[in-house]
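The structure appears right after this line, and notes come after that.
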2 protein chains.
Amino acid sequence: MRARAGRKGPRPAHSLDDIAREAVALADAQGLAAVSIRAVAAELGAGAASLYRYIASKDDLYDLMVDEVAAEYDLPDEPSGDWIADLTLVAERGRAAYRRHPWAGQLSAGASWGPRVQDYMEFLLAALEPTGLDIPERVDFIALLNNWIANFAQHEIQPVDGDAAAAKARHVESIAADPSRPHLAGAMASLLRTDPADAHPDLLFRRGLDRLFHGIAPR
Amino acid sequence: MRARAGRKGPRPAHSLDDIAREAVALADAQGLAAVSIRAVAAELGAGAASLYRYIASKDDLYDLMVDEVAAEYDLPDEPSGDWIADLTLVAERGRAAYRRHPWAGQLSAGASWGPRVQDYMEFLLAALEPTGLDIPERVDFIALLNNWIANFAQHEIQPVDGDAAAAKARHVESIAADPSRPHLAGAMASLLRTDPADAHPDLLFRRGLDRLFHGIAPR
DNA sequence: GCCTACTGCGAACGCTGTATGCAGTGTGCG
DNA sequence: CGCACACTGCATACAGCGTTCGCAGTAGGC
């Protein structure tokens with residue numbers, strides 16, 4: 001969406017896509033905190049200040065990263081008309097994308113929409129037409145779905161070992177051992193027990209999606 | 001949860017609650033970005049490094065802030081048994097809290113649970129018992145509900161005027177004027193049209209909650 | 001062939017979170 | 001009673017951050 005400037009002077013040495021790709025690669029490899037202007041510039045073989053010829057701010061860079069990830073959805077031009085199938089497709093693509101880019105959940109909330117995110121929104125708004133939801137409800141539900149998927153993928157992987165993870169584990173164990181909040185203690189204990197990722201995440205994912213579509217009320 | 005140290009030496013000049021309160025006030029008044037160690041310390045009339053006698057890191061401070069906000073829920077000791085009523089109560093308290101503290105949504109995702117957050121979890125886990133959901137589903141749904149409420153409250157207030165807001169508005173208008181994505185253009189146009197906050201947010205809130213409980217499938 | 005819009009970027013500014021070391025304090029113990 | 005020492009507050013420093021400024025160099029349009 002940038003205004004292509006007049007075409008005098010030297011050709012830009014990089015492109016927005018280059019920058020976005022490099023930033024995404026950096027975040028994938030070393031976490032979102034490793035994405036600094038200087039680091040991205042260095043990865044491109046450029047000086048730090050040079051990046052500001054392409055982006056206006058760091059938030060701008062974040063927007064580019066989100067749009068880059070949105071490209072991975074690669075959705076069909078038109079929804080099929082079966083809204084459950086359409087949303088399931090989006091959800092599966094999203095789950096895969098968030099597994100590849102766990103940091104994306106933090107950015108997608110506040111980002112302004114690039115062209116690929118707009119394609120994503122367009123598809124989902126159209127896919128939700130058969131539900132009869134009005135526009136604000138659809139927008140609301142899309143955000144809800146997106147958050148749920150990001151959250152699911154986040155907990156699905158949770159690789160980051162180290163001292164912070166150990167502290168977290170000790171914290172969970174202390175909660176599980178605290179009898180003053182029995183429901184919470186039971187929940188933490190059961191989460192600790194079934195940790196080894198055997199819980200068939202595919203099944204959990206489908207079940208969660210079904211709850212989103214049909215609600216949590218007992219049927 | 002801090003180990004109360006041996007009681008030699010001078011009394012600490014501040015308390016964790018003081019610190020949390022000051023940090024929350026700062027975030028409320030000037031946004032989350034204004035919460036820096038130095039700023040909080042200055043507000044307390046202390047030196048910057050002094051805060052590290054109370055907290056271990058900035059994330060630790062964030063945890064305190066989240067727990068401080070969680071205290072505002074002030075939930076009953078036991079859920080009533082009517083899970084819809086219980087969840088509605090939590091949702092309304094949450095909505096009020098997130099309206100007072102719009103920044104809390106960004107922190108609540110990654111924070112580790114202090115005692116007040118644990119009380120909140122305990123209540124909700126118990127409240128969800130009548131639904132028959134298993135433990136992981138309940139935890140999942142609680143996160144979903146929390147995200148939805150934070151998101152709702154965020155869009156409900158959106159006060160922050162200035163140049164960033166103006167740029168965002170221009171962006172939305174350009175999307176509304178782009179015919180290549182008709183559903184999205186229609187959605188943005190309709191959002192622009194009904195902007196003046198007349199849309200009875202209470203009604204929207206209740207309707208959204210109902211969708212969470214009963215799903216979005218046409219009935 | 002020059003004017004000029006453009007690019008890349010070294011250097012600097014003000015800010016951040018955090019580590020270190022030291023002076024001062026007051027309680028518990030000998 | 002007095003001293004040892006665990007404890008507090010904090011000045012200072014460090015590395016890194018996002019961002020700005022100004023300048024050198026490049027190349028298309030007239």
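- Checked for salt-bridge contact, D140(A) and R207(B) miss the test: no charged N lies under 4.0 Å from a carboxylate O.
- Side-chain proximity of K58(B) to dG8(C), dT19(D), dG17(C): nearest is dG17(C).
- At dG9(D), one or more side-chain N or O atoms of Y54(B) fall inside 4.0 Å of OP1 or OP2 (strictly under the cut-off).
- If you check every strand for non-hydrogen atoms under 4.0 Å, A46(A) touches sugar and phosphate atoms only.
- Between D17(A) and R116(A) there is a salt bridge, with a side-chain nitrogen of the basic residue lying less than 4.0 Å from a carboxylate oxygen of the acidic one.
- Note: OH (Y52(A)) to C1' (dC13(C)) measures 13 Å, nearest angstrom.
- Per the geometry, CG belonging to L51(B) stands 17 Å off C1' belonging to dT20(C), to the nearest Å.
- Nearer the 5' end of DNA chain C, as judged by each residue's closest nucleotide, is the contact made by P10(A), out of P10(A) and A33(B).
- Protein atom NE2 of H14(B) is 15 Å distant from nucleotide atom C1' of dC7(D), rounded to whole Å.
- With rounding to whole Å, D59(A) atom CG is found 14 Å from dC17(D) atom C1'.
- A13(A) comes within contact range of the sugar-phosphate backbone alone, with a heavy-atom separation under 4.0 Å but no base atom that close.
- Side-chain atoms of L64(A) and E68(A), non-hydrogen and from C-beta on, never get closer than 4.5 Å to each other.
- Every ring-ring contact (aromatic ring centres under 6.0 Å, His included) that F152(A) has, sequence neighbours left out, goes to W148(A), F205(A).
- Atom NZ in K8(A) sits about 11 Å away from atom P in dC3(C), given to the nearest Å.
- Residue S36(B) has its side chain nearest to dT16(C) when only dT19(D), dT26(D), dT16(C) are considered.
- Rounding to whole angstrom units, CG of residue L44(B) and C1' of dG9(D) are separated by 13 Å.
- Rounded to whole Å, atom P of dT7(C) lies 14 Å from atom CD1 of I55(A).
- Side-chain proximity of R38(A) to dT7(C), dT20(D), dC17(D): nearest is dC17(D).
- What separates CG of L32(A) from C1' of dG18(D) is a distance of 15 Å, to the nearest Å.
- Which of dC6(C), dG8(C), dG17(C) sits closest to the side chain of S50(A) comes down to dG8(C).
- When distances are taken from the side chain of R53(B) to each of dG28(D), dC14(D), dG9(D), the shortest belongs to dG9(D).
- For A49(B), taking side-chain heavy atoms from C-beta onward, the closest of the listed nucleotides dG10(C), dT7(C), dC10(D) is dC10(D).
- Take the nearest nucleotide of DNA chain D for R11(A) and for R11(B): the residue whose nucleotide is more 5' is R11(B).
- Inspection of the N146(A) and Y98(A) side chains reveals an N or O donor paired with an N or O acceptor under 3.5 Å.
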